[in-house]
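Accompanying notes for the structure given below.
Every heavy atom of this structure was used, including side-chain atoms; hydrogens, water molecules and symmetry mates were not.
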Amino acid sequence: MSKITHGLNIGLERHGEDIFLSLKIIGTLTLQDYQRITPILESAICGLDHPKVNVLIDAHELTGWELRAAWDDLKLGLKHNNDFGKIAIYGHKSWQEVMAKIANWFISGEAKYFDDKNSALTWLFD
């Protein structure tokens, strides 16, 4: 059995105007990952007047992301900045905490880093 070096799990729940998006990333986030995430998010918010998207990013096994993927992340944040309510980033590396602080510059909601998944979920659903 070999170790998985890259993976992306996407979960989406929609309740009226409220959307919960969960992402689990293993390895390096790629451009192809964003090409999968973006249409799912855009389809979920299509036709909603005031969507509120809360996101859990499980970055515990994230090792980084490609430059092109970082660019697409920025574009997605700018395009939908008013649609994001809370983004909880769960991980274990100091650069992931910095990533949460930078995300706050590009969304109207709030991004926060957690080193405990249960704390992240509690904050998202408060």
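Residues Y113 and Y90 keep their aromatic ring centres 6.0 Å or farther apart.
Placement of W65 and I25 within a single hydrophobic cluster is found when ILVMFWY residues are connected by side-chain heavy-atom separations under 4.5 Å, directly or transitively. With hydrophobic clusters built from ILVMFWY side chains whose heavy atoms lie under 4.5 angstrom apart, L121 shares a cluster with W123.
R36 is linked by a salt bridge (Lys or Arg N to Asp or Glu O under 4.0 Å) to nothing, counting only residues two or more places apart in sequence or in another chain.
No side-chain heavy atom of L23 sits under 4.5 Å from any side-chain heavy atom of D58. Looking at heavy atoms from C-beta onward, I40 lies out of side-chain contact with T38 at the 4.5 angstrom threshold. E66 is not listed as a side-chain neighbour of L29, based on a closest heavy-atom distance of 4.5 Å or more. When side chains are defined from C-beta on, I87 counts as touching I107, because their heavy atoms get closer than 4.5 Å. Looking at heavy atoms from C-beta onward, I37 lies in side-chain contact with I10 at the 4.5 angstrom threshold. Taking the side chain as every heavy atom from C-beta outward, L124 and F114 never approach each other to under 4.5 Å.
A 6.0 Å sphere centred on NZ of K52 holds no more than 12 heavy atoms belonging to other residues, nucleotides or ligands. The 12-atom threshold is exceeded at NZ of K75, counting heavy atoms of other residues, nucleotides or ligands nearer than 6.0 Å.
Not one N or O on the side chain of N9 forms a donor-acceptor pair closer than 3.5 Å with the backbone of K24. At distances below 3.5 Å, at least one donor-acceptor pair connects side-chain atoms of Q96 with backbone N or O atoms of H92.
With hydrogens and angles left out, the side-chain atoms of H50 and N82 include no donor and acceptor closer than 3.5 Å.
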